[in-house]
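So the structure is just underneath, and the comments pick up after that.
Numbering of ligands and ligand atoms starts at 1, following listing order.
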Amino acid sequence: MVGINNDILTDVASYYARRIEEHGQTPAGVDWNSQAGQIMRFDQLLKVVDPLQPYSIADIGCGYGALLDHIRQLGQTVRYTGIDIAAPMIEEANKRFAGAEDVTFKLDKSPGEVFDYCVASGIFNVRFSLTDQEWLAYLIETLDMMYANSLRGFSFNCLTSYSDADRMRKDLYYADPLHLFDLCKRRYSRQVAILHDYELYEFTMIVRKT
Ligand SMILES: C[S@@+](CC[C@H](N)C(=O)[O-])C[C@H]1O[C@@H](n2cnc3c(N)ncnc32)[C@H](O)[C@@H]1O
């Protein structure tokens with residue numbers, strides 16, 4: 001597996017562990033402003049899947065497992081694995097879905113096997129004091145991992161560099177959607193879509209494997 005930077009992951013894990021310890025299994029507990037936004041992100045990410053047939057999916061940075069609730073509400077049949085680097089997230093997720101069939105939660109930075117799809121919501125946002133260059137290198141290593149672990153495609157979201165300048169924060173990473181589109185086209189697949197038409201300061205990238 002690619003050597004995703006462990007120092008970065010330690011800081012990220014402690015940040016999110018504090019969020020869930022403060023706010024519990026709620027959107028605020030995974031650092032989102034609202035449930036509507038959390039679900040809007042899931043709907044964008046799930047555009048990578050073919051919902052008409054059962055599929056396996058790895059949720060990278062699963063938090064307390066809210067994506068699985070949403071997939072179930074949509075009535076889709078899945079084998080689901082959620083991974084997260086923050087131990088309290090995995091503890092909460094395991095409590096919420098105890099005994100559920102075809103559902104696994106793991107404290108890890110990689111799913112460790114190939115799934116039809118890998119998706120990631122919100123894992124590229126908080127970059128602390130790392131430079132754009134350092135965070136981008138980490139982001140690409142993580143995309144390489146998602147590419148290697150997906151059979152049919154993967155999707156992820158990022159805050160957008162098209163955000164209003166006066167609302168941007170130094171500790172957050174605002175990715176250039178055009179740069180990442182180009183990177184995904186050249187590095188992973190010819191079939192790539194940017195979804196940048198929903199009401200959040202971010203975009204979703206869909207990468208289909210051919
Ligand atoms: C913004 S929260 C979103 C949680 C969930 N995806 C949701 O939308 O409800 C990001 C989560 O990803 C986890 N995370 C961040 N970077 C990660 C990485 N490289 N690998 C696995 N988990 C990660 C964090 O611990 C946190 O639980």
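- Those atoms of ligand 1 that come under 4.0 Å of a heavy atom in M89, given as number and element, are 27 (O).
- Only the backbone of C62 comes within 4.0 Å of ligand 1, judged by heavy-atom distances.
- Ranking protein heavy atoms by distance to atom 1 (C) of ligand 1, first place goes to V30 O, 3.0 Å.
- Residues R79 and D116 are not paired through a salt bridge, judged by the lack of any N-O separation under 4.0 Å between the basic side chain and the carboxylate.
- Contact annotation: Y15 has no heavy atom less than 4.0 Å from any atom of ligand 1.
- The protein heavy-atom contact nearest to atom 22 (N) of ligand 1 is G61 CA, 3.3 Å.
- Residues D31 and Y15 have side chains that bring a donor and an acceptor to within less than 3.5 angstrom of each other.
- At a 4.0 Å cut-off, not a single heavy atom of F124 sits close enough to ligand 1 to count as contact.
- Side-chain contact between V126 and D11 is absent, with no heavy atoms from C-beta onward closer than 4.5 Å.
- For ligand 1, the polar-atom distance check against Y16 finds no nitrogen or oxygen pair separated by under 3.5 Å.
- Considering both main-chain and side-chain atoms, S121 comes within under 3.5 Å of ligand 1 through a nitrogen or oxygen pair.
- Among all protein heavy atoms, the one lying closest to atom 9 (O) of ligand 1 is Q38 NE2, 2.9 Å.
- Proximity of D84 to ligand 1 is established by a heavy-atom distance of less than 4.0 Å.
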*Do F97 and Y80 pass the ring-ring contact (aromatic ring centres under 6.0 Å, His included) test, and can you show the C-alpha distance, the side-chain angles, and the key distance before you say yes or no?*
CA-CA 11 Å; F97 294 97; Y80 170 98; 7.3 Å; no
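- Inclusion of D59 in the set of residues having an N or O under 3.5 Å from an N or O of ligand 1 is not warranted.
- Y138 and W135 have tilted rings, their planes meeting at an angle from 30° to 60° on a 0 to 90° scale.
- Ranking protein heavy atoms by distance to atom 10 (C) of ligand 1, first place goes to G122 O, 3.7 Å.
- Neither side chain, Y55 nor D50, offers a donor N or O lying under 3.5 Å from an acceptor on the other.
- Side chain to side chain, R96 and Y64 fail the donor-acceptor criterion of an N or O pair below 3.5 Å.
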For residues 172-180, dump all side-chain donor-acceptor pairs below 3.5 Å to protein atoms at least two apart in sequence or in another chain.
| unit_1 | atom_1 | unit_2 | atom_2 | d |
| --- | --- | --- | --- | --- |
| Y174 | OH | R169 | N | 2.9 |
| D176 | OD1 | L178 | N | 2.9 |
| D176 | OD1 | H179 | N | 3.4 |

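- Salt bridge annotation for E21-R18: absent, with no cationic side-chain nitrogen under 4.0 angstrom from a carboxylate oxygen.
- Between I90 and C62, the closest side-chain pair of non-hydrogen atoms falls below 4.5 Å.
- Residue, atom and distance of the protein heavy atom nearest to atom 7 (C) of ligand 1 are W32 NE1, 3.5 Å.
- Protein heavy atom at the shortest distance from atom 23 (C) of ligand 1 is I85 CG1, 3.6 Å.
- Among protein heavy atoms, atom 15 (C) of ligand 1 sits closest to V12 CG1, 3.5 Å.
- The contact set between ligand 1 and A86, taken as ligand atoms under 4.0 Å from a residue heavy atom, comprises 25 (O).
- Within ligand 1, counting atoms from 1 as listed, the ones closer than 4.0 Å to a heavy atom of L9 are 19 (N).
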*Begin from the C-alpha positions of Y162 and Y201 and carry the test ring-ring contact (aromatic ring centres under 6.0 Å, His included) through to its verdict.*
CA-CA 8 Å; Y162 289 84; Y201 289 94; over 10 Å; no
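- Here F42 has side-chain heavy atoms under 4.0 Å from ligand 1, and that is the only part of it that gets that close.
- For atom 18 (C) of ligand 1, the nearest protein heavy atom (residue, atom name, distance) is Y138 OH, 3.9 Å.
- In this structure, Y117 and L46 have side chains that are not in contact, with every pair of non-hydrogen atoms separated by 4.5 Å or more.
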